[in-house]
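Notes follow once the structure below has been shown.
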There are 2 protein chains.
Amino acid sequence: MERVRKRGHDPESVLAIAVRVFNERGYDGTSMEDLARALGVTKSAIYYHVPGKEQLLARALDRALDGLDALIADERAASGPAIARLERVVRQSVRILVDRLPYVTLLLRVRGNSATEQRALERRREFDAFVSHLVKEAAADGSIRPDLDPALVTRLLFGAVNSITEWYQPGRGGSADELADALLAMTFGGLRV
Amino acid sequence: MERVRKRGHDPESVLAIAVRVFNERGYDGTSMEDLARALGVTKSAIYYHVPGKEQLLARALDRALDGLDALIADERAASGPAIARLERVVRQSVRILVDRLPYVTLLLRVRGNSATEQRALERRREFDAFVSHLVKEAAADGSIRPDLDPALVTRLLFGAVNSITEWYQPGRGGSADELADALLAMTFGGLRV
DNA sequence: GTGTTTACCGAACATTCGGTCAGTTGACAA
DNA sequence: TTGTCAACTGACCGAATGTTCGGTAAACAC
């Protein structure tokens, strides 16, 4: 009946710690021995909780991708000017990135070395395509600068968004909303006074 | 007397191909066997040209870092308003990134797993500190929006710059200068019309 | 107290890793 | 023709890799 239990690990705590180590040393740079050390158990204990290294990666990537999918689903049902929807997508992306920081960080570093990684890259491309389409809409109705290529804007804009994973530390340096405010002020409004 | 030679590899061609594979699969995800396959030779032939895997990484990272160091050296001697110097640093950073794309790409993915990587990270931090200082100058003299934290602006701005390594392909999609123009238009001028 | 389950350990597994080394090949000079 | 030498091959090494498995101690159910 869900008592306090002997204390020890479960699939969730193993995943959380594994993802932290994956982000510190890179997935390929992390051995099961590294994970075991971080968990305070031996290598073999890990296999009691999870099926293996690649499954840990797959589960972590799903956490990130499920968040982005939910964002798309929400936003497909939305209406209003494209520029306003774009702004909302950026803001929500920042929120997801901050909420699920370690998982999104891992996702953004995936290079397609295994079937698991390739599947994740494909799902990620769907998100990119969605955003790209939105920027094109905003460009077509004349609400963003006409001298900039929409595809390029998409990439630079989300380059800035995604770079948050490189330095953001929860607790320090503002909430997701404050971050999004600053990012939108810079990219939509411009740095110059 | 420097004839045409038997044809085959030399340290330079090995490095170039190795870095390409490192960027495709990640440094830790690349085995010497992978490199040998890409070079069309056996593993042991690699050791005739270069001392080993980590030396390949070290040489590649130096190419990127030497470019950034040269930029700093140039710019320390420069004068003029901070905002103009910042703009020039961004433009030159884009140029170096494009000119030395595979090397800079590799540098930006380093996580400090070995002494070689840690040394590279330290050198990179010097560059970041230089840029950060420049943004603070521009903020102090009132030439960028006062509502944005200079440290945050530095990170987001160079987040956009560095993201170029994620998608840029030489030949396609404009020169370094055109890229820099678009990036500066977006971040300094703002997207909105 | 007995039996079951949970969470783990230690030893071993086959495979892959980065790296070494003695030998081979073929182009070239003399 | 002979000898040199750059550029490799192939066999191999010890260590590390991800994973499996038999066993076990402690907590729980009855």
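A note on names: the letters A, B, ... follow the listed sequences, proteins ahead of strands, and every chain is numbered from 1. Worth saying up front: this structure is predicted, and the values here are computed from it rather than measured.
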With a 4.0 Å cut-off, would you call E12(A) and R63(A) a salt bridge? yes
Would you mind reading off the distance between D10(B) atom CG and dC5(D) atom C1', rounded to a whole angstrom? 17 Å
Using five pairs at each end of the helix from dG1(C)-dC30(D) to dA30(C)-dT1(D) to define an axis, what is the angle between those two axes, to 10°? 10°
Under-4.0 Å salt bridge between R111(A) and E166(B): yes
Is there a side-chain contact between E122(A) and E126(A), using heavy atoms and a 4.5 Å cut-off? no
Is any side-chain nitrogen or oxygen of H49(B) closer than 4.0 Å to OP1 or OP2 of dA6(D)? no
Are E87(B) and R192(A) within salt-bridge range, i.e. N to O under 4.0 Å? yes
To the nearest Å, how far apart are Y48(B) OH and dT20(C) C1'? 16 Å
Please list, chain by chain and in numerical order, all residues satisfying side chain to side chain contact (heavy atoms under 4.5 Å, CB included) with L56(B), sequence neighbours excluded. V14(B), L15(B), A18(B), F22(B), L35(B), V50(B)
Electrostatic pair R37(B):D34(B) at N-O distance under 4.0 angstrom: yes
Base-contact (B) and sugar-phosphate-only (S) positions in nucleotides 12-24 of chain D, heavy-atom cut-off under 4.0 Å, - elsewhere: -----SBBBB---
Determine yes or no for a side-chain-to-main-chain donor-acceptor pair under 3.5 angstrom, with D69(B) supplying the side chain and D66(B) the backbone. no
Looking at R123(B) and D62(B), does any basic side-chain N land under 4.0 Å from a carboxylate oxygen? yes
Starting at atom CG of L39(B), determine the distance to atom C1' of dA7(D), rounded to an integer number of angstrom. 13 Å
